[in-house]
Every structure is written in C-alpha cells, then in structure tokens.
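Before any comments, here is the structure.
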2 protein chains.
Amino acid sequence: MAPREQEHPALNDVELVTVLSALAEPTRLRIVRMLAAMEGERAWKDIDLPIAQSTLSHHLKILRNAGLVQNRTEGTRCFISLRDAELEGRFPGLLESVLECRDTALARESEEPASPEKHGATEGSSVPAAT
Amino acid sequence: MAPREQEHPALNDVELVTVLSALAEPTRLRIVRMLAAMEGERAWKDIDLPIAQSTLSHHLKILRNAGLVQNRTEGTRCFISLRDAELEGRFPGLLESVLECRDTALARESEEPASPEKHGATEGSSVPAAT
DNA sequence: TTCGTAATTCGATGTTCGTCGAACATCGAA
DNA sequence: TTCGATGTTCGACGAACATCGAATTACGAA
C-alpha cells in the first residue's frame, strides 16, 4: 500500500453499533457482499466501484475499524478480506444474516446488468419479484 | 398519539440498509432492546430515556419506517411493539443476532449497574436468551 | 537516484442526522 | 365546549458523514 501499515482492532473492542453503522451504507454493504461472494482475498485494485479512490479508501478504513475487513500488504498493493470467522465469534449469526438477505433494491442497483450470467447465489428465498 | 394514524410499511418494501441504519444508533438500538426484553407492547410513556419527547418521537418514526416497530393507538396514547415475527420472515436471523450480541459499551451504558456479576469476556454469551 | 504505481491523508463542500423547544393536532374528561 | 394530556411536526442548530481532487507516502522498477 502506500503509507504505513494498517491497524486492525481486536474484535472484542468493536461495538455492535460500529459494525451496524459500517454496514448501513450502500457502498460499504456492497463491498462486504463483494468480498463475501468470493473466498479469500481481493485485490484493492479489483474493487471497482463508481467512486473516487480516496472515497474507496475511506470506506475501507471504516470497514477496517469496524473489524469487518482486514488487509494484507504486499509490496505496493494490498489485498482485502472479510474477517468472517472472527466476526462469527464476536457477533454470532450477524454477518450471515446480513449476507443472506437478498436486498431487492440494493441487489438491483449494485449488480451490473452487463454480465449475462446469472449469479443464482442466494438460493432459497426468491424475492417476490417485482410486481 | 397525537396527530393522525401512523403508517407502517410492508416489510417487503423495506431495504436492508434502512433496517441497519435504524439499528445503527445507540438510542434506537436501546429502544429495540427494551422492546425485545418484554413480550408484547410497551406504552409510549413508559419508554423513558434521557431525551426530549420530540427526539423520541423522531427515533420511533425511524424505527417504524424501517419496519422494526409498530404502534397501536388507543385513545390518546399509543403502544409500541416489535415486529419480530414479520422481521424474521423478511430478514431471517438478523434481529435475533443483533439482540443476542452482548454489546459491551452499550450494555454497560443501558443496563443498570445493579447486577454485580462479573461476566469478564464477551464471547461467553450469558445472554438470557429468548430464542 | 529517478520515475511511476498504489493507497492513504488532507482540505473543502454539500448533505444528512440527532437534538432541542415551540407549535400543533387529537382524544378523553370535566 | 373548554381543558389537559399525549404524541407529532416544524425550524433551527451543530456535529458527523460521503464525496471529491490534490498532495503525500511508500514501494518496485528502470
């Protein structure tokens, strides 16, 4: 990365409101979903969203401070990953329930209509479909 | 209540971010916990928190719009209750995981210091549980 | 060393949010 | 009808937030 090594809080020092606040923002929720959709890490550069780099950095910092993600530095670039296992220990079921929910509007808005493939993914509950 | 009957959204129209935003505020989370701690409804007047009435009304409106609570009007007063069953249908496990988590700071701040228990760590989960 | 790339920090801007007191609307009771 | 109690709405205020572009830091490569 660029400046200095990042700090990651111990999960026990993280409050529930902090986590909820971090997740309560469309862009950040999108990032979390993106990370959850894949195993392991994701390169910073590969997170492409229609926002400025500085904004993305800002959101990642908030997610980091909330204990939701962690980043590993390798040379000049860094890789982000979800702290899902630890999270499960501190807030049992929380992340899972957030991810499991197929948010209608958000899903519609965050997925590109460009990819012809259908990411079935969320199985189970089919959202009542737009009427 | 005072002016006119309240509106309650259908849970399917509620987005996840809306719910998370509603919960991501200490006072509101406290209200939700308070409602969850008891079965059934709670009189508006009995929700006493160190905030102005107008502020409480504002928070309840946000919780209402997020589909988290509902209120029943009876004469001039109203009773608030959690829409837990419906919530469970729309966001499975979410409310439960939020309630189950013993938030250190918040718990300390919202619970009476009356219980001399020592509950050292957070993961112990000595939550009364109401599953 | 110098250059370029990668990510963070800084400063500024406009918006949203929590909070309050005052004014208002609605109902039951006198 | 008048009065009092109960919530809600309205303006206003300061704090916090999302966003951006520019400056900065850190590293690898030439």
Side-chain angles (χ1 to χ4, degrees), chain A residues 1-9 15 17-32 35 41-66 68-81 106 109-110, chain B residues 1-9 15 17-32 35 41-66 68-81 106 109-110:
Chain A
M1 44 41 145
R4 207 42 99 350
E5 200 62 45
Q6 287 324 135
E7 294 291 329
H8 295 97
E15 294 182 34
V17 268
T18 305
V19 177
L20 293 175
S21 296
L23 293 171
E25 206 278 337
T27 303
R28 289 194 293 260
L29 185 52
R30 206 159 144 183
I31 294 173
V32 169
L35 292 172
E41 331 174 294
R42 176 147 189 153
W44 207 101
K45 271 305 216 179
D46 289 351
I47 301 179
D48 63 75
L49 294 172
I51 57 176
Q53 275 199 344
S54 53
T55 305
L56 175 55
S57 184
H58 170 241
H59 283 312
L60 286 175
K61 182 179 191 175
I62 289 178
L63 290 172
R64 203 159 49 223
N65 288 145
L68 281 164
V69 310
Q70 66 192 148
N71 52 7
R72 204 193 90 237
T73 296
E74 186 172 307
T76 59
R77 49 179 152 285
C78 75
F79 299 85
I80 318 291
S81 57
L106 221 167
E109 183 240 309
S110 68
Chain B
M1 59 3 175
R4 207 40 95 2
E5 201 61 45
Q6 289 322 135
E7 295 290 329
H8 294 96
E15 294 180 37
V17 268
T18 305
V19 177
L20 293 175
S21 297
L23 292 171
E25 206 279 336
T27 303
R28 289 194 292 262
L29 185 52
R30 203 160 145 183
I31 294 173
V32 169
L35 292 172
E41 331 175 294
R42 177 142 188 158
W44 207 102
K45 271 304 213 179
D46 289 351
I47 301 178
D48 63 75
L49 295 173
I51 56 177
Q53 274 198 344
S54 52
T55 305
L56 175 55
S57 185
H58 170 241
H59 283 312
L60 286 174
K61 184 179 190 175
I62 289 179
L63 289 173
R64 203 158 51 224
N65 288 146
L68 282 164
V69 309
Q70 67 192 149
N71 53 6
R72 203 191 91 237
T73 296
E74 186 173 306
T76 58
R77 49 182 154 303
C78 74
F79 299 85
I80 318 292
S81 57
L106 223 169
E109 186 234 311
S110 68

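Proteins get letters first, then strands, A, B, ... in listed order; numbering begins at 1 in each.
Spacing between atom CG of B:Leu49 and atom P of D:dG7 amounts to 14 Å, rounded to whole angstrom units. To the nearest angstrom, P of C:dT5 lies 12 Å from CZ of A:Arg77. Summarising the geometry, the separation between CG on B:Leu56 and P on D:dT6 is reported as 13 Å, rounded to the nearest angstrom. Computed from coordinates, the A:Ile80 CD1 to C:dA6 P distance equals 14 Å when rounded to whole Å. Atom-to-atom, CD of B:Glu7 to P of D:dT8 comes out at 13 Å; the value is rounded to the nearest Å. Rounded to whole angstrom, the span from the CH2 atom of A:Trp44 across to the C1' atom of D:dA26 amounts to 15 Å. The nearest whole Å value for the distance from the CD atom in A:Gln53 to the C1' atom in D:dC20 is 12 Å. Atom CG of A:Leu60 and atom C1' of C:dT9 are 14 Å apart (whole Å).
Checking the phosphate oxygens (OP1, OP2) of D:dT8, a side-chain nitrogen or oxygen of B:Arg64 falls inside 4.0 Å. In this model, the phosphate group of C:dT8 is approached by a side-chain N or O of A:Asn71 to a distance below 4.0 Å at OP1 or OP2. The shortest distance between the side-chain N/O atoms of B:Lys45 and the OP1/OP2 oxygens of D:dT6 is below 4.0 Å. In terms of phosphate contacts, B:Thr76 brings no side-chain nitrogen or oxygen within less than 4.0 Å of OP1 or OP2 of D:dT6. An OP1 or OP2 oxygen of C:dT9 is reached within less than 4.0 angstrom by a side-chain nitrogen or oxygen of A:Lys61.
Looking only at distances, a side-chain donor or acceptor of A:Ser21 sits under 3.5 Å from a matching main-chain atom of A:Val17. Here the side chain of B:Arg28 pairs a donor or acceptor atom with the backbone of B:Ala22 at under 3.5 angstrom.
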Criterion side-chain contact (heavy atoms from CB on, under 4.5 Å) on B:Glu25 and B:Ile62, from CA distance to verdict: CA-CA 11 Å; B:Glu25 206 279 336; B:Ile62 289 179; over 6 Å; no

Below 3.5 Å between N/O atoms, which protein atoms pair up with nucleotides 13-19 of chain D? Just atom names and distances, please.
unit_1: D:dA18; atom_1: OP1; unit_2: A:Arg28; atom_2: NH1; d: 3.1
unit_1: D:dA18; atom_1: OP1; unit_2: A:Arg28; atom_2: NH2; d: 2.9
unit_1: D:dT19; atom_1: OP2; unit_2: A:His59; atom_2: NE2; d: 2.4

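Between B:Glu74 and B:Phe79, the shortest heavy-atom contact is CB-CE1, 3.9 Å. Smallest separation of non-hydrogen atoms from B:Leu60 and B:Val69: O-CG2, 4.2 Å. Annotation for A:Leu56 and A:Ile47: closest pair CD2-O, 3.7 Å, computed over non-hydrogen atoms.
Shown here are the side-chain hydrogen bond (donor to acceptor under 3.5 Å, both in side chains) partners of B:Arg64, two or more places apart in sequence or in another chain: there are none.
In this structure, the side chains of A:Asn71 and A:His8 come closer than 4.5 Å at one or more pairs of heavy atoms.
Recorded end-axis angle for the helix from C:dT1-D:dA30 to C:dA30-D:dT1 stands at 10°, based on five pairs per end and rounded to 10 degrees.
No option in B:Ile80, B:Leu63, B:Leu68 other than B:Leu63 meets the side-chain contact (heavy atoms from CB on, under 4.5 Å) test with B:Ile31.
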